[in-house]
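The first residue in the sequence is number 1, and the count goes up from there. Nothing here was measured: the structure is a model prediction, and the numbers come from that model.
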Amino acid sequence: MMASAASTSMAATAVFSPRFAVYSAPNRRCALPYPPLPRVSVPVFSAPLKLKEPKRSSLLQVKASSSEDTSIDANELFTDLKEKWDALENKSTVLLYGGGAIVAVWLASTLVGAINSVPLLPKIMELVGLGYTGWFVYRYLLFKSRRKELAEDIEVLKKKISGFE
């Protein structure tokens, strides 16, 4: 009886040994199963593949052209920027405004990230934005007379900003 149990145990070990990897630690042994093998399916084609050429539309033709008028020379751009920079009287003010703009963009992105992390607040903000967009379209863009009013308001704002008013 003991011999048959031992042979059965050995047979079971022989049958299961390919499926289990044995990890040997210094003082203990652990049997871990192998991960399942991925199934790879190979398509069988009865005829060779023929690639179709894309249809070429004669309605839309794009031609490349080189024009001396539209090319931008990097050296010319840098010289223009250098001339404008040298013409400025308050360079420190420009640098201060530029630095302030960079800080404002960073602060705004941090604020938007914080708002986005609150669970319900982004959806509420989307609704507020959609509501304001609807109001703006109704107030300024729907009717011709109101579009003219908007254009006049924009011109007044441009004059205020540029200092010509």
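- The shortest side-chain heavy-atom distance between Thr110 and Trp106 falls under the 4.5 Å cut-off.
- Atoms NZ and CG, from Lys158 and Asp153 in turn, are 12.5 Å apart once rounded to the nearest 0.5 Å.
- Both Ile154 and Val137 are part of a single hydrophobic cluster, where members link through side-chain heavy atoms under 4.5 Å apart.
- Counted within 6.0 Å of CH2 on Trp85, heavy atoms from surrounding residues, nucleotides or ligands total more than 12; the atom is thus considered enclosed.
- For Trp135 and Tyr132, the gap between ring centers is short of 6.0 Å.
- The minimum heavy-atom distance between Ile115 and Met125, with the atom names listed, is CG2-CG, 4.3 Å.
- Separation of atoms CG (Asp73) and CG (Asp80) is listed at 10.0 Å; rounding is to 0.5 Å.
- No side-chain heavy atom of Glu155 sits under 4.5 Å from any side-chain heavy atom of Glu152.
- Between Lys91 and Val94, every side-chain heavy-atom pair lies at or beyond the 4.5 Å cut-off.
- In summary, Arg139 and Glu149 engage in a salt bridge, as defined by a charged side-chain N under 4.0 Å from a carboxylate O.
- Using a 4.5 Å cut-off on side-chain heavy atoms (C-beta onward), Leu141 and Leu150 make contact.
- We find the CG-CD1 distance between Leu107 and Ile102 to be 13.5 Å, quoted to the nearest 0.5 Å.
- Residue-environment remark: NZ (Lys123) stays at or below the threshold of 12 foreign heavy atoms within 6.0 Å.
- Put simply, CD on Glu83 and CG on Leu88 are 12.5 Å apart, with the number rounded to the nearest 0.5 Å.
- With values rounded to the nearest 0.5 angstrom, Asn116 atom CG is found 11.0 Å from Leu111 atom CG.
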